[in-house]
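Atoms considered below: every heavy atom in the structure, side chains included; atoms not considered: hydrogens, waters and symmetry mates.
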Amino acid sequence: MLLTDSFASRIASYENTAECNDRIHQEFTQLVQTIPFLKEHRKYIEDNDLGFGDAAFHYMWYLLIQHVTETFPHPKVLEIGVFKGQVISLWSLIAAQQQLEISRTGISPLKGNPLPESRWSRRWNSLINLRFRRDLASGNFYPEEDYRSIIEDLFNTFQLDFSQIRLLKGYSNDPSILKTLENETFSLIYIDGDHTHEGVVADVQNYSRLIEPNGF
């Protein structure tokens, strides 16, 4: 761990400019390579097609998860859109490696949303179906796979206890999911589910009220 680095110090020196953002992205990408467990996890994700995003995000989460555990007495984090488990397993790995206590919840349908195999069907749906066009433009299509097993295998690969994860099966806008979480609060909520504009806005509206004061 870089003892001189922290999320708070990064915020204090941050400037919202293209130059600053590019510099941070490059620096975080390089720093992932200096922390063996971050490097190993990201390489495994890339080699096995278990998620998206850039390597730099691994270091961002490294700083942010430590900050959350230092700021809140009983930190709780929520991921909307677990997919194949990249982020929630990374949170768990950081906590295990740094001996941090953190409660983790994920929301995911645990099923795919595959594109029609027929090129004609895709073309027809693009012409007549607004939701299909939005999903296509937003990257909302995923193959049909056993997502729960994939997530469990990822946890097992890094010797993480999957039983410590509360995984809610469903979509973030399902009434049953919203009812389950309506009286809870979280230190951090990561929205990465429905990628359409409407889906993201709905998640922000539904879940922002669950964030603790000074949370993320």
Exercise: identify the closest heavy-atom pair between [X] and [Y]:
{"X": "I102", "Y": "A95", "result": "CG2-CB, 3.7 Å"}
{"X": "V68", "Y": "P75", "result": "CG1-CB, 3.6 Å"}
{"X": "L31", "Y": "T34", "result": "O-OG1, 2.7 Å"}
{"X": "K84", "Y": "L154", "result": "O-CD2, 3.6 Å"}
{"X": "P213", "Y": "F72", "result": "O-CE2, 3.5 Å"}
{"X": "S92", "Y": "I88", "result": "OG-O, 2.9 Å"}

Quick one, D174 with S176, criterion side chain to side chain donor-acceptor pair (under 3.5 Å). Give me CA distance, side-chain angles, the key distance, then yes/no.
CA-CA 5 Å; D174 286 353; S176 60; 5.0 Å; no

Pair E40, K43 - check salt bridge (charged side-chain N to carboxylate O under 4.0 Å, His left out), show working.
CA-CA 5 Å; E40 181 184 3; K43 184 177 187 303; over 6 Å; no

Strictly by ring-ring contact (aromatic ring centres under 6.0 Å, His included), give each pair with a member in residues 31-54 just once, sequence neighbours left out.
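Every ring-ring contact (aromatic ring centres under 6.0 Å, His included) pair that includes a residue of residues 31-54, provided the two are not neighbours, is H41-H58, H41-F158, Y44-F158, F52-F83.
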
Restricting to pairs with a member in residues 86-109, which pass ring-ring contact (aromatic ring centres under 6.0 Å, His included), not counting sequence neighbours?
W61-W91

Approximate separation, where rounding is to 0.5 Å, of L90 CG and I45 CD1
8.0 Å

Evaluate salt bridge (charged side-chain N to carboxylate O under 4.0 Å, His left out) for R23 paired with E19, printing each intermediate quantity in order.
CA-CA 6 Å; R23 175 174 51 78; E19 292 78 12; over 6 Å; no

So does [Y] get a backbone contact from the side chain of [X], meaning a donor-acceptor N/O pair under 3.5 Å?
{"X": "D194", "Y": "T196", "value": "yes"}
{"X": "Y59", "Y": "I35", "value": "no"}
{"X": "T71", "Y": "H67", "value": "yes"}
{"X": "D203", "Y": "V200", "value": "no"}

Salt bridge flag under 4.0 Å for residues R42 and E46
yes

Check this for me: does any side-chain nitrogen of one of E27 and R10 sit under 4.0 Å from a carboxylate oxygen of the other?
yes

Check each of V82, I151, I150 against L110 using the side chain to side chain contact (heavy atoms under 4.5 Å, CB included) test, and report the only one that passes.
I151

Pairing donors with acceptors under 3.5 angstrom, does anything connect the side chains of D5 and Y62?
no

Exercise: do E212 and S187 side chains pair donor with acceptor under 3.5 Å:
yes

Could you list the residues that satisfy side-chain hydrogen bond (donor to acceptor under 3.5 Å, both in side chains) with D22, not counting sequence neighbours?
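With neighbours one apart ignored, the set is empty.
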
Worked verdict on F7 versus F216 for ring-ring contact (aromatic ring centres under 6.0 Å, His included):
CA-CA 12 Å; F7 183 79; F216 300 86; 5.4 Å; yes

Do [X] and [Y] share a hydrophobic cluster (ILVMFWY, side-chain heavy atoms under 4.5 Å, transitive)?
{"X": "V77", "Y": "L181", "answer": "no"}
{"X": "V201", "Y": "Y207", "answer": "no"}
{"X": "L188", "Y": "V204", "answer": "no"}
{"X": "L64", "Y": "F186", "answer": "no"}

Measuring only between side-chain heavy atoms, which start at C-beta, is R166 closer than 4.5 Å to R104?
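In short, these two side chains do not touch, never coming nearer than 4.5 Å.
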
Taking atom CD of Q99 as the centre, report whether more than 12 heavy atoms of other residues, nucleotides or ligands fall under 6.0 Å from it.
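No, because the 6.0 Å sphere around CD of Q99 holds 12 heavy atoms or fewer from other groups.
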
Enclosure of D161 CG (heavy-atom neighbours >12, cutoff 6.0 Å)
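Counting other residues, nucleotides and ligands, CG of D161 exceeds 12 neighbours.
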
